[in-house]
Amino acid sequence: MTALSFPGEPRRRRTNWEKWGWIYMRASGVVLVVLVFGHLFVNLMVGEGVKAIDFGFVGGKWALPFWKWWDCLLLWLALIHGANGMRTLVNDYTNPGTVQRILKGALLVAVVVLLTLGTLVIFTFDPCPAGSPAELLPSFCAA
Ligand code: HEM
């Protein structure tokens with residue numbers, strides 16, 4: 001959509017956030033297919049499958065920067081994708097006003113809190129916390 005301008009005034013270009021939101025849903029959807037199915041395949045199908053998932057399994061995966069960044073990207077893309085999708089639903093099913101503002105505000109707060117906590121968990125995770133029972137720790141932790 002073109003912004004209104006007076007005759008003789010240079011045309012001002014405004015960022016069309018709805019358009020970029022629409023593009024984001026498609027672009028993140030394509031990347032999410034790879035990230036989600038890669039995540040499910042490695043966690044549920046490779047090796048012993050779902051039975052192998054425990055603290056040590058997660059600790060072992062997050063010892064590698066590759067899986068930290070994979071999970072971080074999955075977290076950010078999926079959370080923003082889901083929240084932007086919910087924003088569309090709120091726009092579709094509520095009228096502009098206080099309720100709509102509260103719902104969108106709650107979505108924003110939830111996204112910021114969860115992205116902050118999730119990113120902190122991924123990057124501050126210690127696979128070998130001091131004083132933990134040895135049988136719960138990944139095999140690469142020194143006894
Ligand atoms: C395989 C991965 C995914 C793909 C390919 C995908 C694709 C899409 C696309 C293309 C849209 C836009 C639909 C439209 O505008 O009509 C959409 C909407 C949406 N997505 Fe996803 N998505 C994926 C994963 C997720 C995840 C993990 C969540 C939740 C965190 C999510 C939540 C939503 C929501 C709430 C909407 C809005 C629904 C609506 O407008 O009716 N999606 N998705």
Side-chain angles (χ1 to χ4, degrees), residues 1-133 135-141:
M1 208 171 45
T2 323
L4 276 180
S5 59
F6 294 103
E9 194 187 21
R11 267 201 184 172
R12 265 173 295 172
R13 291 193 164 270
R14 294 229 184 101
T15 308
N16 185 343
W17 291 108
E18 282 306 323
K19 180 183 86 176
W20 286 109
W22 188 93
I23 292 172
Y24 176 82
M25 293 307 275
R26 271 89 196 147
S28 60
V30 172
V31 183
L32 279 171
V33 171
V34 177
L35 292 176
V36 169
F37 287 102
H39 172 85
L40 292 175
F41 181 73
V42 168
N43 284 13
L44 306 180
M45 319 265 296
V46 173
E48 284 177 62
V50 67
K51 287 194 276 313
I53 296 183
D54 57 8
F55 180 87
F57 178 87
V58 179
K61 260 183 111 184
W62 281 355
L64 299 171
F66 176 83
W67 288 115
K68 285 190 177 186
W69 283 105
W70 183 290
D71 287 353
C72 185
L73 199 59
L74 182 57
L75 171 72
W76 278 72
L77 287 183
L79 205 58
I80 295 172
H81 176 105
N84 193 41
M86 285 306 296
R87 188 187 62 87
T88 309
L89 295 177
V90 169
N91 278 338
D92 285 349
Y93 287 98
T94 61
N95 293 315
T98 311
V99 172
Q100 191 178 87
R101 269 201 304 279
I102 290 173
L103 290 172
K104 287 191 199 172
L107 270 175
L108 184 66
V109 171
V111 168
V112 171
V113 168
L114 291 174
L115 284 182
T116 307
L117 289 180
T119 307
L120 278 174
V121 166
I122 293 173
F123 288 105
T124 62
F125 181 75
D126 178 3
C128 308
S132 310
E135 68 272 16
L136 294 181
L137 292 177
S139 53
F140 54 77
C141 295

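All residue numbers refer to positions in the sequence shown, counting from 1.
A distance of 10.5 Å separates CD1 of Ile122 from CH2 of Trp76, quoted to the nearest 0.5 Å. From Thr119, atom OG1 reaches atom CG of Leu114 across 10.0 Å, with rounding to the nearest 0.5 Å. Atom CD1 of Ile102 is separated from atom CG of Leu107 by 12.5 Å, given to the nearest 0.5 angstrom.
The side chain to side chain donor-acceptor pair (under 3.5 Å) check on Trp20 picks up nothing, with sequence neighbours excluded. Listed by chain and residue number, Phe66, Trp67 satisfy the ring pair (Phe, Tyr, Trp, His ring centres under 6.0 Å) test with Trp70 (two or more places apart in sequence, or in another chain). Listed by chain and number, the residues in a side chain to side chain donor-acceptor pair (under 3.5 Å) with Asn84 are Arg87 (sequence neighbours excluded). Every residue was checked against the disulfide (SG to SG under 2.5 Å) condition with Cys72, not counting sequence neighbours, and none meets it. The side-chain contact (heavy atoms from CB on, under 4.5 Å) check on Pro133 picks up Glu135, Leu136, with sequence neighbours excluded. Listed by chain and number, the residues in a ring pair (Phe, Tyr, Trp, His ring centres under 6.0 Å) with Phe57 amount to none (sequence neighbours excluded). Under the side chain to side chain donor-acceptor pair (under 3.5 Å) criterion, Lys104 pairs with Asn91, not counting sequence neighbours. Every residue two or more places apart in sequence or in another chain was checked for a side chain to side chain donor-acceptor pair (under 3.5 Å) with Thr88, and none qualifies.
Note on residues 27-43: no pairs pass salt bridge (charged side-chain N to carboxylate O under 4.0 Å, His left out), not counting sequence neighbours. Within the structure, no pair that satisfies the side-chain hydrogen bond (donor to acceptor under 3.5 Å, both in side chains) test touches residues 121-130, not counting sequence neighbours. Sorted by first then second residue, the ring-ring contact (aromatic ring centres under 6.0 Å, His included) pairs that include residues 94-132, not counting sequence neighbours, are Phe55-Phe125, Trp62-Phe125, Trp69-Phe123.
Heavy-atom minimum distance, Ala63 versus Pro65: O-CD, 3.7 Å. Between Val111 and Ala83 the shortest heavy-atom distance is CG2-CB, 3.2 Å. Contact between Cys141 and Pro127 at its shortest, heavy atoms only, is SG-O, 3.6 Å.
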Kindly list each side-chain donor-acceptor pair under 3.5 angstrom involving residues 23-50, sequence neighbours excluded, with atom names and distances?
{"residue": "Tyr24", "atom": "OH", "partner": "Leu77", "partner atom": "O", "Å": "3.1"}
{"residue": "Arg26", "atom": "NH1", "partner": "Trp22", "partner atom": "O", "Å": "3.4"}
{"residue": "Ser28", "atom": "OG", "partner": "Tyr24", "partner atom": "O", "Å": "2.7"}
{"residue": "Ser28", "atom": "OG", "partner": "Met25", "partner atom": "O", "Å": "3.4"}
{"residue": "Ser28", "atom": "OG", "partner": "His81", "partner atom": "ND1", "Å": "2.9"}
{"residue": "Asn43", "atom": "OD1", "partner": "Lys61", "partner atom": "NZ", "Å": "2.7"}

